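Protein chains get the first letters and strands the later ones, always in sequence-line order, with residue 1 at the start of each. This one's a predicted model, so the numbers in the text were calculated from it and none came from an experiment. All values below were derived from every heavy atom in this structure, side-chain atoms included, with hydrogens, water molecules and symmetry-related copies excluded.
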Amino acid sequence: MQQQRRDPTEKGDGRRGQNELEEQVLRAGLCTGCGACVNICPYQAIHHDRTVTLHACDLAQGRCYACCPQTPADLSDLRRKLYGKTDCTPELGPMKGFFIARAADEGLRQGAQHGGTVTTLVTLALREGLIDAAVLAGEGEGLLPRSVTITDAKVAAKMGKSRFVVSPTVAEFNRVCRGDAAKIGVVATPCQAVALAKMRTQPVSEVESGIEKLHLVVGLFCGWALSWQKLAALLKAKTDLAQVTGMDIPPSRYHTLEVYTRGETIRVSLDEVTPCVREACHSCDDMTAEFSDLSVGSARLPEGWETARSWNQVIVRTQRGMDLLELARRRGVLEFREPPAENLQKLKAAALGKKKAAASRSKYLNSTANVEETDGFGS
Amino acid sequence: MRVNLVKDPYNIVITGVGGQGNVMASRVLSNMLVRKGFKVTIGETFGMSQRGGSVMSHIRVSSASVWSPQIPKGAADLIVALEPIEAIRVLAGYGNPSVKVVVNLRPIYPVGVITGEEEYPSAETIRATVTALAAEARFLAATEEAIRLGNPILGNIIMIGAVAGLGVLPIDREIFERVIRDGMPAARVEGNLRAFAIGEASVALKSPPSQ
Amino acid sequence: MALDREQKEEAEVLLMGNEAIARGALEAGVRVAAGYPGTPSSEIIETLSRSSETGKLYVEWSTNEKVAMEVAAAASFAGLRSLCVMKQNGVNVASDFLLHLTGSGTRGGMVLVACDDPGALSSANEGESRHFARLMEIPLIEPADFQEAKEMTRWAFDLSEQIRNIVMVRSVTRMSHASGNVVLGTLPALEGKAEFLCDGPLSDPERGPVVSAPVMAKHRLQQEKLRKAIALFEKSPFNAYSGPEKPELLIITSSACTLYSREAVSRLHAEERAGILKLGTTWPLPPMLLKRHLRKTQKVLIVEEVLPFLEDHVKILAAEQAREIGIKTFYGKNDGALPTVGELNPDLVADAVGRILGIDPPAIPAEYGEKLRRLTEFLPKRDQTFCPGCPHRASYWGIREALQRDHRGGFVCGDIGCYAMATLSQAAGFHTAKTLHAMGSGTGIASGFGKLGPFGMTQPVLAVCGDSTFYHAAIPALINAIHQRADMTFIVLDNGGTAMTGFQSHPGLDVNAMGEAAPMVDIAAICGAMGVPVTIEDPFDLIGTRETLNRLLEEPGVKILILKQSCALSPEKKGKKRFLMRVDDTLCRGEACGCNRLCTRIFRCPGLLWNRERKRAEIDEVICAGCGFCAGICPAGAIRSEEAAKP
Ligand SMILES: Cc1cc2nc3c(=O)[nH]c(=O)nc-3n(C[C@H](O)[C@H](O)[C@H](O)COP(=O)(O)OP(=O)(O)OC[C@H]3O[C@@H](n4cnc5c(N)ncnc54)[C@H](O)[C@@H]3O)c2cc1C
Ligand code: SF4
Ligand code: SF4
Ligand code: SF4
Ligand code: SF4
Ligand code: SF4
């Protein structure tokens with residue numbers, strides 16, 4: 001069973017707390033900055049994009065460790081619990097359908113990263129009352145990520161665009177789930193989606209977690225995220241950070257990070273960008289946010305990148321995800337086109353590539369398991 | 001006119017925690033004795049007294065001479081503890097088979113107890129320990145009485161009243177009143193007198209546990 | 001108060017050693033008294049300030065000990081009697097001026113009272129001031145009881161006028177902070193007019209300029225004065241012997257050790273075997289007197305605190321006089337009979353005397369001793385911590401959070417004041433403060449750390465300093481840091497007074513030591529004038545403080561933050577609760593994952609208790625000062641605060 005992350009030092013009782021979190025994740029440089037261990041207790045906090053411990057907690061077993069996406073867990077068990085009999089591909093996880101879509105509203109697309117599918121779905125879910133609050137990523141000063149909770153669909157519609165620095169999304173979820181909101185939706189990178197999934201299946205504290213308020217997870221495809229400090233330093237040398245309006249990574253053959261400023265587009269070679277990637281991302285094996293209701297990424301189309309960049313590829317994983325997508329189709333807020341025949345294969349190859357790279361890096365992956373030898377799940 | 005002391009020098013330790021009015025208590029008691037014509041030496045450790053540490057005053061009472069401000073180990077005649085475990089702490093250093101002890105039962109928890117690293121002994125353990133180590137032991141709920149009087153700090157005066165009630169020192173209500181009237185704003189005299197009386201009575205009411 | 005001018009003379013009253021010293025100065029007709037607060041010396045100036053209402057006595061808390069000595073010296077130069085008061089390490093601060101003053105000499109009687117702290121009961125050192133008397137070539141006298149504290153202080157002024165130089169009176173904690181019977185003496189009429197006579201030639205010590213030059217001539221004169229002092233010391237009633245004519249053991253002692261020695265001899269019932277030579281004049285030693293007593297016996301024990309000061313000098317005299325007095329066996333510090341660190345007490349001295357004379361000190365019955373040991377083992381210790389409601393606890397909490405967030409291993413250079421507890425007890429400062437030395441040194445050390453960046457140091461450096469310490473010694477260090485472009489964050493923990501020593505006034509307040517209105521010298525304005533922007537935060541505003549700190553930590557150069565919130569014991573706060581606090585049981589998460597007792601396990605304000613039975617936090621209403629801060633740290637919002645009704 002290849003997806004079982006195992007801690008080679010495991011003593012068997014599975015009881016771990018802040019001590020082990022520090023040792024195995026934070027000090028090991030494996031923290032993704034997802035924010036799952038923040039705002040559940042007074043001991044961890046996020047400063048800029050770094051998770052730090054404020055004071056020592058001596059509990060032997062804690063939610064911080066249990067829900068951290070970087071601590072060992074039996075993911076196949078987690079998947080069984082959450083996805084039941086849904087078809088599962090070894091590369092892309094549970095899958096009920098594969099689509100190419102984009103926002104029907106052109107204005108919304110303009111303010112979005114690619115096709116605006118994510119923003120459209122979040123806006124729709126808010127408007128239709130499927131959720132009453134959405135945890136999204138905003139931007140603070142100097143490209144610093146900032147997670148925000150939006151309850152107004154009109155405001156959500158303006159919250160498009162990807163921030164390539166990790167956003168403390170789960171920390172924000174931990175905060176709002178103790179508040180008035182009853183049904184919360186989250187747009188999450190794969191690591192954040194894993195953390196949320198672990199929270200749903202591993203209640204380790206007698207203290208109310210609020211996880212039952214999680215009603216929707218829209219996953220984002222994710223190759224890697226960047227360290228804020230390193231990215232800011234890199235870009236400061238090239239432009240005024242206040243002028244940056246967005247960024248994107250075109251298909252790999254371009255080998256660049258495009259940085260859009262008010263005046264021009266700056267192309268930064270990935271050779272310069274790669275050293276800015278968070279340490280943790282190198283050992284992340286999930287490219288498509290496998291623990292979501294549906295996940296969204298950029299599209300590949302025969303017309304080329306200039307056309308493709310205004311479309312999204314969508315993997316639907318749960319009935320709730322499918323219902324939302326169908327509702328969007330019925331309401332006419334999303335438009336669809338037929339996925340090119342080879343797209344799914346290409347996506348699988350890319351996702352597998354990430355898994356392989358991660359397997360060779362991660363010290364917690366079971367080294368005897370080989371991703372290619374598996375038959376997949378749930379079949 | 002001076003009465004004889006049961007022992008010369010007579011050694012009293014007043015102990016408690018910073019902020020309990022320990023220094024005030026030792027001053028009042030000593031002033032009463034000076035007015036009675038004795039030579040009194042008070043040794044105090046109060047450098048950090050306001051910051052939660054143990055505070056001890058050593059009082060040496062003599063009819064003739066000045067004694068060291070530090071009582072030798074094992075040589076206390078009377079221990080007045082404003083806080084229960086401080087009574088035991090002082091017994092550990094200055095106790096002997098003939099020592100008398102008056103204890104205020106209201107605990108003030110040390111930081112280590114607040115944090116849960118250490119355990120505060122139960123009221124029963126405290127009583128048993130003090131009783132086992134003292135020739136005579138009296139326990140008072142001085143802080144509670146003082147709160148009833150409207151100010152917890154008066155616990156120290158209740159304890160002084162209890163010392164007077166024990167009858168081991170030539171002090172009484174009258175000399176107390178003179179000292180208090182000279183040293184305090186008139187408005188506070190009444191409360192102090194009542195506190196003293198409560199302490200005095202609470203000791204007189206009970207017959208000593210060991211005869 | 002026993003010291004009022006109305007107090008009946010000849011009355012016998014109970015005085016603290018420091019009060020007796022103050023009374024002695026009053027009886028000597030002191031006109032100017034200046035000092036800097038420091039335990040165990042502070043009550044002297046406090047007592048005098050209460051006697052200053054007549055307008056014939058000027059009392060001040062100076063910015064530091066050197067300034068205090070200078071202020072007092074000016075009065076002496078103008079012909080008035082003056083006093084300066086400080087704790088042991090204050091003499092170090094004043095010593096540069098003292099070196100020159102002893103050269104120039106004084107006019108009106110001038111006395112330095114130095115209060116040492118053997119055992120460092122409330123100090124960060126147990127340094128001794130006695131050595132300064134020798135170093136500076138001035139007379140040193142040491143009272144051994146409360147009556148003497150008064151008499152010797154009064155006499156010190158006479159002596160100073162006789163030899164025209166400053167005289168040092170040395171006390172120790174067990175004298176200054178102990179109390180005993182004192183018979184009061186007469187208070188003189190205060191009439192002398194202040195006038196500085198300076199129209200004479202340089203060589204005229206009475207009418208010329210007061211300078212330490214010409215150095216050789218003045219130095220020679222100073223040594224003549226010291227010889228004059230020796231002559232007076234030979235006849236001084238403050239040196240006294242008691243004991244048998246031919247004792248087996250001669251104990252030579254001074255100061256509080258005299259009382260310990262007497263008690264030791266009495267406890268050992270060795271009155272027939274040991275005699276005590278109690279010295280009041282301990283530098284320079286009167287050689288004839290010593291010779292007379294050293295002749296008495298062959299065994300000599302010197303009892304003193306802390307280092308062998310008397311011992312060395314007695315030995316020198318004994319060596320010089322060996323032909324007449326014979327060879328002695330000395331016991332004391334050098335042979336290990338008594339410890340060379342920490343304070344002494346009757347037991348330590350009794351042990352030493354007992355060993356020399358072969359007597360066992362009295363012991364409690366073995367059976368009782370065993371019971372005592374067994375029954376008292378379990379006691380929880382009582383660590384010092386900040387008061388309930390102390391703003392320093394909140395300040396260090398904010399600093400801790402900021403440093404942890406910053407994540408570069410930053411640390412605090414500590415300084416002298418209550419906030420020094422952060423270095424002495426790791427629980428008080430949340431493991432942030434890592435150095436502690438002299439007043440103002442935190443800032444100087446941080447200035448130095450702040451220049452180590454080019455050598456690879458990446459840790460941010462902070463210095464804390466109290467408001468009083470700021471005026472005392474931090475300013476030069478701060479100017480240095482700014483001028484040298486050191487990278488450091490300077491934090492003033494401004495709690496509105498000299499809290500540690502009992503709320504003496506300082507230049508930042510609008511009142512002086514005598515209770516008169518005084519102009520405030522504003523710390524923020526001083527810092528601003530140095531060209532560095534100043535941020536002021538309230539440490540009780542945790543988020544504001546932390547965010548400001550994190551911003552400052554990332555900026556280069558010197559950054560200044562004033563954390564302003566008055567001390568929990570300040571007159572305006574003491575006994576008054578701003579908030580009524582309680583813990584909501586239904587919300588408290590207790591030991592569960594999600595809190596794990598943050599308030600009582602980590603924050604540790606004594607106003608908060610952990611109830612083991614109910615497994616909930618509680619507020620101890622008697623202890624809690626009602627500052628409200630802890631409500632903001634509770635992750636569950638369980639600590640509720642409610643504005644208290646204004647009285
Ligand atoms: C760090 C990162 C790496 C990515 N890597 C890839 C990749 O390799 N391949 C690929 O196909 N797609 C990747 N994506 C996804 C892609 O950039 C788009 O987000 C996705 O295609 C959806 O486009 P859209 O127009 O629907 O999004 P929009 O409608 O613009 O909505 C974007 C949504 O993403 C949320 N968001 C933005 N930044 C973050 C963040 N840092 N963390 C969490 N949520 C965030 C916003 O709140 C918003 O809801 C990445 C996204 C991120 C944030
Ligand atoms: S309280 Fe729980 S979640 Fe927080 S640090 Fe401790 S174990 Fe981890
Ligand atoms: S990966 Fe997430 S849960 Fe784990 S330590 Fe980092 S922020 Fe905390
Ligand atoms: S690559 Fe993985 S670890 Fe890094 S941000 Fe994306 S999902 Fe998180
Ligand atoms: S309010 Fe809280 S922090 Fe302030 S004194 Fe009371 S218990 Fe301590
Ligand atoms: S911090 Fe709050 S939740 Fe935690 S123990 Fe204290 S009162 Fe309870």
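Looking at P365(C), the atoms closer than 4.5 Å to chain B (heavy atoms on both sides) all sit in the side chain, from C-beta outward. Of the atoms belonging to E83(B), it is side-chain heavy atoms, and not backbone ones, that fall under 4.5 Å from chain C. Interface residue I364(C): only side-chain heavy atoms are found under 4.5 Å from chain B. Looking at F603(C), neither its backbone nor its side chain comes within 4.5 Å of chain B, counting heavy atoms on both sides. In this structure, the portion of D620(C) lying under 4.5 Å from any heavy atom of chain B is its side chain and not its backbone. For chain B, no part of C599(C) is nearby; none of its heavy atoms comes within less than 4.5 Å. If you measure heavy-atom distances from S261(C) to chain B, you find no contacts under 4.5 Å at all. Within the 4.5 angstrom heavy-atom criterion, atoms from both the backbone and the side chain of N345(C) approach chain B. If you measure heavy-atom distances from L608(C) to chain B, the contacts under 4.5 Å come from the backbone alone. Heavy atoms closer than 4.5 Å to chain B are found nowhere in L598(C), neither backbone nor side chain. Heavy-atom distances place no part of V179(B) under 4.5 Å from chain C, backbone and side chain included. Only the side chain of R597(C) comes within less than 4.5 Å of a heavy atom in chain B; its backbone stays farther off. Interface remark: R267(C) contributes side-chain atoms only to the contact with chain B (heavy atom separation under 4.5 Å). Interface remark: E343(C) contributes side-chain atoms only to the contact with chain B (heavy atom separation under 4.5 Å).
Contact count versus chain C (heavy atoms, under 4.5 Å) is highest, among G43(B), G74(B), P110(B), for P110(B). Interface summary for chain B: among P40(C), P380(C), G180(C), P361(C), the most heavy-atom pairs under 4.5 angstrom belong to P380(C). In terms of heavy-atom pairs under 4.5 angstrom with chain B, the leader among C605(C), A178(C), A256(C) is A178(C). In terms of heavy-atom pairs under 4.5 Å with chain C, the best-connected choice from E117(B), H58(B), R60(B), R89(B) is R89(B). Comparing A132(B), S26(B), G183(B) by how many heavy-atom pairs each has under 4.5 Å with chain C, the most go to A132(B). Top candidate by heavy-atom pairs under 4.5 Å with chain C, chosen from I153(B), T143(B), L91(B), is L91(B). In terms of heavy-atom pairs under 4.5 Å with chain C, the best-connected choice from I108(B), I114(B), I147(B) is I114(B). Annotation: maximal heavy-atom pairing with chain C below 4.5 Å, among S57(B), P121(B), P152(B), G112(B), occurs at P121(B).
By the 4.0 Å N-to-carboxylate-O rule, R612(C) lies close enough to E119(B) to be salt-bridged with it. Looking at R138(B) and E136(B), a side-chain N of the basic residue comes within less than 4.0 Å of a carboxylate O on the acidic one, giving a salt bridge. Of the charged side-chain nitrogens involved, at least one lies within less than 4.0 Å of a carboxylate oxygen, so that R178(B) and E174(B) count as a salt-bridged pair. Of the charged side-chain nitrogens involved, at least one lies within less than 4.0 Å of a carboxylate oxygen, so that K39(B) and E12(C) count as a salt-bridged pair. Between E370(C) and R373(C) there is a salt bridge, with a side-chain nitrogen of the basic residue lying less than 4.0 Å from a carboxylate oxygen of the acidic one.
At least one donor-acceptor pair under 3.5 Å links the side chain of N22(B) to the backbone N or O of V55(B).
Taken to the nearest 0.5 Å, the NZ atom of K278(C) stands 9.5 Å off from the OG1 atom of T253(C). Expressed to the nearest 0.5 Å, how far NE2 of H177(C) lies from OG of S122(C) amounts to 7.0 Å. To the nearest 0.5 Å, atom CG of residue N192(B) and atom CD1 of residue I157(B) are 5.0 Å apart. In this structure, E145(B) CD and R194(B) CZ are separated by 11.0 Å, a value rounded to the nearest 0.5 Å. Taking CG from L5(B) and CZ from F38(B), the interatomic distance works out to 4.0 Å, rounded to the nearest 0.5 Å.
For the pair S255(C)/E305(C), no side-chain contact is recorded, criterion being any heavy-atom separation below 4.5 Å from C-beta on.
Using modelled atom types and a 3.5 Å distance limit, the side chains of N96(B) and S98(B) yield a donor-acceptor pair.
The nearest pair of heavy atoms linking Q147(C) to V183(C) is OE1-N, 2.6 Å.
Close approach to chain C, defined as a heavy atom under 4.5 Å from one of its heavy atoms, is seen in S30(B), N31(B), V34(B) of residues 28-35 of chain B, taken by number.
Heavy atoms from other residues, nucleotides or ligands lying under 6.0 Å from CD of E367(C) number 12 at most.
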